[in-house]
Amino acid sequence: MKRIVVTAPQLTDIVARELDGCEIIGGDTPMETGDHAMTREELAEQIVEADALLSSLSDPLDADMLARATKLEVIGQCAAGFNNIDVDAARDRGIVVTTTPGVLHETTADLAFGLMLMVTRRLGEAERYVRAKQPWHYDHTFMLGMGLQGATLGIIGLGQIGEAMARRAAAFGMDVVYTARHDKDASAIDATNPSTAPTRRVELDELLRTSDVVSVHCPLTEQTRHIIDAGALAAMKSTAYLVNTARGACVDEKALVTALRNGEIAGAGLDVYENEPDIEPELYDMDNVVLLPHIGSAARRTREKMTELAARNIAAMLGGKDALTPVG
Ligand code: GLV
């Protein structure tokens, strides 16, 4: 019987259904009921005899960890990102790595768009104000924020999620510029709204200088680590906002705190952090910052589809077939 190690709380009914006939270890203690992902030590113990891992985005699947695996055939990462996995080390050991593209980008773009609205229209701040029972009445000059219509959105990384964010932005009347290694097909973005400017690929420095909102959607790699650093923040308009739903380490979080403190940018909407779940303490006290707990794809149906795809990748590989969505 094949042994599947599920490294973190999972939708266990779906795992059991998709991997019927396998031995399933772990995955059945959701955070709400008091437990969380396997520790490094637990994973190190479990990986030795695993035929497959159904993994989560913060599992430390580095070369040392993978060297402990004696039977591992496939890692079914239940996420779009895979920066926690040493893919070269896996390949060297004949382990196939799979992820879950194509099922979470619309949901994650919804969240990114929500963050953009929250931070530019001061929704978190306004809601805290009301809950604090502060005196208020309708006032023409009260809680003024930035409107999205006519503003420019700069998307760093026009992959599936970036493109879905761009379509939403165009529908709200924003012009879109983006960075990517090559020109991308922007026809679906431009078709959304004939009155916005044609979507253009630009260099990062132009994007930073001209955007009213900069939204990060690139994978975390050695090239994109701290792509938003002190210099990038200084290049942004002082009226511009940063949104990050990609990976925390794409942004130098300490530099972000300094830039916000000095008014170099207008605000930030963050769903991800450099050292999750820790957050730079000063950010908690900044009213022009929205902080979410890494919930980009956390819609029930989306999470179901992610689990299904991760499990089906494992089932395919263990059944001698090709993986559905391998990395690379
Ligand atoms: C979430 O952050 C993911 O990579 O799916």
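Starting from 1, each residue takes its place in the sequence as its number. We use all heavy atoms of the structure for the numbers below, so side chains are in, but hydrogens, waters and symmetry mates are not. Order of listing sets the numbers, starting from 1, for every ligand and every atom in it. From a predicted model like this one, the values you see are computed outputs, not experimental measurements.
Side chains of D212 and T239: a donor-acceptor N/O pair is absent below 3.5 angstrom, by distance only. Between the side chains of H217 and S215, a donor-acceptor pair is found at a separation under 3.5 Å. Side-chain contact annotation: E274 with H226, donor-acceptor N/O pair under 3.5 Å present.
Between R247 and H294 the shortest side-chain heavy-atom distance falls below 4.5 Å.
Each of the following atoms of ligand 1 lies closer than 4.0 Å to a heavy atom of G81: 3 (C), 4 (O). Applying the 4.0 Å criterion to heavy atoms of H294 picks out, from ligand 1, the atoms 1 (C), 2 (O). Atoms of ligand 1 found under 4.0 Å from any heavy atom of L57, numbered from 1 in the order shown, are 1 (C), 2 (O), 3 (C).
Of all the heavy atoms of L104, the ones lying under 4.0 Å from any atom of ligand 1 belong exclusively to the side chain.
For atom 3 (C) of ligand 1, the closest heavy atom belonging to the protein is A80 N, 3.4 Å.
With rounding to the nearest 0.5 Å, the separation of CH2 in W136 from CE in M143 is 11.0 Å.
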